[in-house]
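Whatever order the structure lists ligands and atoms in, that order sets their numbers, starting from 1.
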Amino acid sequence: MDFPFDLNSVFPERISVLDHNLCAARKAHGRPEAQNQTATVIDELGKASAKAQTLPAPITSAAKLQANKHYLYLLKDGERNGGRGVAVGYLKVGYKKLFLLDQRGAHVETEPLCVLDFYVTESLQRHGYGLELFHFMLEHKKVEPEQMAYDRPSSKFLAFLEKHFELKHSVPQVNNFVVFEGFFRNRSAGQLRKAPPKKPEGEIKPYSLMEREAVREEQKALPWPFIRSTAVPQSPPLAASSPYSRSLSVGSSPNRTPRPQPHIPPHLADNYRTKRTSSQGLVARNNLYSRHVNSRSLGLLTAEQLPAHTSRARPRSCHLSRPSPGSRPPSVRL
Ligand SMILES: CC(=O)SCCNC(=O)CCNC(=O)[C@H](O)C(C)(C)COP(=O)(O)OP(=O)(O)OC[C@H]1O[C@@H](n2cnc3c(N)ncnc32)[C@H](O)[C@@H]1OP(=O)(O)O
């Protein structure tokens with residue numbers, strides 16, 4: 001994807017690591033023009049990614065990156081476009097507090113690094129760019145692919161994980177995150193906490209939606225898969241520095257539309273009023289699961305410096321079957 005400005009001056013490195021500051025280089029700090037250009041690149045790639053995944057609105061934009069503790073790895077090819085460079089794609093990751101089911105079906109509370117969005121421009125797919133981005137992120141975050149959780153991976157992404165990392169056997173979950181067998185095997189007891197005990201019947205716990213689910217839920221007028229596409233919003237003007245929240249919620253999702261209020265039985269009405277979140281439209285539908293979890297999505301990254309990039313292949317040995325998205329139960333985003 002090309003832009004009417006020199007990408008090489010905005011992104012000096014082949015892969016830039018962007019966080020809520022939207023700064024690819026130290027010298028870009030405080031340069032509004034570089035920040036605006038960075039935002040333009042993220043917004044345009046985010047729109048293309050949403051289109052490629054048939055999402056009704058982008059789950060990645062400069063505004064969302066500013067508002068969350070996520071890392072976005074942006075890959076450019078500096079040679080193309082007459083030496084001005086093209087944006088090849090990005091990989092977005094972040095830590096999420098998740099309640100997952102282990103192989104015995106027990107709820108465990110975890111906070112893994114999650115792949116939240118991943119996109120390589122159409123004309124450059126299947127050229128190894130996705131793998132280059134993924135390897136870079138693994139080195140940067142010092143993590144193995146099987147230790148990560150994957151937010152509703154597409155069929156292309158599942159094929160990618162199987163091909164490059166031999167990740168194919170997922171552990172069934174009640175949400176749309178996919179984890180593979182090694183996820184539980186390679187985690188210490190300290191990293192996996194048993195989920196809080198089941199709440200008494202009738203109590204409705206709040207939870208937040210992931211962006212991917214929120215844009216679907218908020219924009220669909222018809223039941224999935226008959227979702228209509230709508231125009232995607234631009235990011236709001238960028239502030240030089242912007243406060244960011246630790247929680248992901250519907251508030252960060254584009255194109256909010258009024259939603260019908262769920263029917264709450266009178267004996268639950270007070271409870272509902274005090275505990276509802278902005279994802280109230282889904283609370284009633286998913287209250288069975290939400291009794292089990294008190295799930296706020298937290299981004300708990302600490303600042304890290306960028307180590308050198310290596311692109312070593314990391315074959316993995318797993319022996320499982322590809323998760324079937326259609327076989328998963330209705331979505332509950334944590
Ligand atoms: C949690 C999430 O982010 S889910 C969303 C994932 N993103 C998308 O689905 C958007 C559209 N797809 C893409 O942007 C890219 O295909 C990515 C990011 C998934 C992979 O990036 P690429 O640069 O294509 O990957 P790379 O070239 O390193 O690896 C290629 C392998 O990925 C998989 N893959 C890539 N494209 C396809 C495709 N069209 N159909 C099936 N498998 C594919 C295959 O395993 C492929 O190997 P093969 O060509 O030998 O079959």
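- No salt bridge links Lys76 with Glu13; every basic N to acidic carboxylate O contact stays at or beyond 4.0 Å.
- Here OG of Ser16 is found 6.0 Å from CG of Leu74. Values are rounded to the nearest 0.5 Å.
- Within the 4.0 Å heavy-atom criterion, the part of Gln53 lying near ligand 1 is the side chain and not the backbone.
- Between Glu111 and Lys96, no side-chain nitrogen of the basic residue sits less than 4.0 Å from a carboxylate oxygen of the acidic one, so the salt-bridge criterion is not met.
- Each of the atoms 3 (O), 5 (C), 6 (C), 7 (N), 8 (C), 10 (C), 18 (C) of ligand 1 lies under 4.0 Å from some heavy atom of Phe118.
- Interface atoms of ligand 1 facing Asp117, defined by a heavy-atom separation under 4.0 Å, are 3 (O).
- Checked by distance only, ligand 1 and Val120 come closer than 3.5 Å through their nitrogen or oxygen atoms.
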Checking Tyr129 against Asp77 for the side chain to side chain contact (heavy atoms under 4.5 Å, CB included) test, could you report, in this order, the C-alpha distance in whole Å, the side-chain angles of both residues, the deciding distance, and whether it holds?
CA-CA 10 Å; Tyr129 290 112; Asp77 181 341; 3.8 Å; yes

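- In summary, the aromatic rings of His140 and Tyr71 are positioned with their centroids under 6.0 Å apart.
- Within the model, atoms CD of Gln35 and CG of Leu22 stand 5.5 Å from one another, a figure rounded to the nearest 0.5 Å.
- The distance criterion of under 3.5 Å between nitrogen or oxygen atoms is not met by Val115 with respect to ligand 1.
- Phe180 has its ring centre no less than 6.0 Å from the ring centre of Phe165.
- Heavy-atom proximity to His164, at under 4.0 Å, picks out these atoms of ligand 1: 26 (P), 28 (O), 29 (O), 30 (C), 31 (C).
- Against a heavy-atom cut-off of under 4.0 Å, Ser154 is close to the following atoms of ligand 1: 4 (S), 5 (C), 6 (C), 7 (N), 8 (C), 9 (O).
- Set against the non-hydrogen atoms of Pro153, the atoms of ligand 1 under 4.0 Å away are 4 (S).
- The distance from ligand 1 to the heavy atoms of Arg152 drops below 4.0 Å at these ligand atoms: 4 (S).
- Looking at heavy atoms from C-beta onward, Thr60 lies in side-chain contact with Tyr90 at the 4.5 angstrom threshold.
- One option in His135, Met148, Lys156 has a heavy atom closer to atom 12 (N) of ligand 1 than any other, and that option is Lys156.
- If you look at Tyr73 and Phe134, their ring centroids are not closer than 6.0 Å.
- Each of the atoms 26 (P), 27 (O), 28 (O) of ligand 1 lies under 4.0 Å from some heavy atom of Gly128.
- Atoms of ligand 1 lying under 4.0 Å from at least one heavy atom of Tyr129, given by number and element, are 23 (O).
- Proximity annotation for atom 40 (N) of ligand 1: of Lys51, His127, Arg126, Arg126 comes nearest, heavy atoms only.
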